[in-house]
Amino acid sequence: MSDRSTFEKFNVESSPTVSHAIETRRSVRGYLTDPVPEAIVREILAGASRAASGGNLQPWKVSVLAGDARDAFVNAVAERMKETPFGEGAEYEVYPADLEEPYRGRRRKVAKQLYDLTGVEWNDKGARARQMALNFTFFGAPVGMFVSIDRKMGPPQFADLGIFLQSVMLLAREKGLHTCAQEAWSTWGKSIREFTNIGEDELVFCGVALGYADPDAVVNDLYAERASVDEFAHFQGF
Ligand SMILES: Cc1cc2nc3c(=O)[nH]c(=O)nc-3n(C[C@H](O)[C@H](O)[C@H](O)COP(=O)(O)O)c2cc1C
C-alpha cells in the first residue's frame, strides 16, 4: 500500500511528539541535496546517546560523512562496483539462510512494493541490481553515517545498537529530517574502513542515509505494512 497524501501531510514537517515521529518515520530512499549542518547531526547523535544499553556499555560507534568526504567515498565505491558489483565480502549474514514464513513473505512483499513503485520488473535482474545500487549513493542523501560495533560484542549489544539506531531515526524526524538504515553497506567493509576511522576490530553493522526527503520522489510513497498486535503479542491476565 502506498499513501502519498500521508507522506505529504506529515513527513516533511518536524515531529512534535514521539508518536508523530514514529508514525512519520519511513525508510526514505529519495532525498533533496540540501545539506544538513554538522551541528544538527551532532545534536541527533548526542540525543540518541541517551539510549539505554545493558550495563551502560554504549557499544555504538558512528562515523559520519558529508560534503567532499561523502562524495569521494560514494564515487570510489561506484568505481569499484564496476570490478566487484557484489561488494568486498560480507561483514555478517544479513538474513538467516532459508528464511521461513512469515518473514520470507514480509520481505518479498516490501521488495515487491519497492519494485512496483520504481517500475522494476521482478524478473529483471539488471533493473533490480540498479535499484539496489542506489543504496551506495545513500539514495542521494547529503549525509551518510556508518554504525559499527566492537567485534567482541554479542547479541545483547546488537540490541543496544538497534535502540540507538531507532533513537537516531526518531530524533531526525524531530528536525524535519529523514533516514534510511542500510545493511546493504555491510558488503563494502573494506572501502568503508579506508574512508573512515573504523578499524578492523569493529564490525560495520549498517549505514544510515540522513537528509531532507524529496516529496516528489515516488519511491518515498512506499508504506510498509505491519503485522497487527495480535499477530506478535500474547496477552494474559487482563
Ligand atoms: C538495520 C536495518 C537495515 C536496513 N537496510 C536497508 C538497506 O540496506 N536498504 C534499504 O533500502 N532499506 C533498508 N532497511 C529498511 C527496511 O527495508 C525498512 O525498515 C522496512 O522495510 C520497513 O519499512 P519502513 O522503515 O519504511 O517502515 C533497513 C532497515 C533496518 C532497520
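As the structure lists them, so they are numbered: ligands from 1, and atoms in each ligand from 1.
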Please state which part of [X] comes within less than 4.0 Å of ligand 1, counting heavy atoms only: side chain, backbone, both or neither.
X	value
Phe136	neither
Lys109	neither
Ala224	side chain

Side-chain donor or acceptor of [X] paired with backbone N/O of [Y] under 3.5 Å:
X	Y	result
Asp124	Ala127	yes
Arg70	Thr137	yes
Gln113	Leu222	no
Arg104	Pro102	no

Give the residue and atom name of whichever protein heavy atom lies nearest to [atom], and the separation in Å to one decimal.
atom	value
atom 15 (C) of ligand 1	Ser27 OG, 3.3 Å
atom 8 (O) of ligand 1	Ala184 N, 2.9 Å
atom 27 (O) of ligand 1	Arg226 NH2, 2.7 Å

Quiz item: Which is closest to atom 17 (O) of ligand 1 by heavy-atom distance: Arg29, Glu183, Gln182?
Solution: Arg29
Exercise. With atom 6 (C) of ligand 1 as the reference point, say which of Ala209, Cys180, Ala181 has the nearest heavy atom.
Key: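 Considering heavy atoms of Ala209, Cys180, Ala181, the nearest to atom 6 (C) of ligand 1 sits in Ala181.
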Exercise. Consider ligand 1: state whether an atom of it lies below 4.0 angstrom from any non-hydrogen atom of Arg25.
Key: yes
Quick one: which ligand 1 atoms are inside 4.0 Å of a heavy atom on [X]?
X	value
Phe139	11 (O)
Asn135	7 (C), 8 (O), 9 (N), 10 (C), 11 (O)
Arg26	26 (O)

Self-check item: Sub-6.0 Å ring centroid separation between Phe205 and Tyr92
Solution: yes
Quiz item: Phe138 pairs by ring-ring contact (aromatic ring centres under 6.0 Å, His included) with which of Trp188, Trp185, Tyr31?
Solution: Trp185
Exercise. Flag yes if more than 12 heavy atoms outside Phe158 fall under 6.0 Å of its CZ atom; otherwise flag no.
Key: yes
Quiz item: Around Glu38, counting heavy atoms of other residues, nucleotides and ligands shown, do more than 12 lie under 6.0 Å from its CD?
Solution: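 No - once you tally the heavy atoms of other residues, nucleotides and ligands closer than 6.0 Å, there are 12 at most.
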Practice problem: Return a yes/no value: protein heavy atom under 4.0 Å from atom 20 (C) of ligand 1? | Solution: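 Within 4.0 Å of atom 20 (C) of ligand 1, no protein heavy atoms are found.
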Quiz item: Do Arg80 and Ser191 have side-chain N/O donor and acceptor atoms under 3.5 Å apart?
Solution: yes
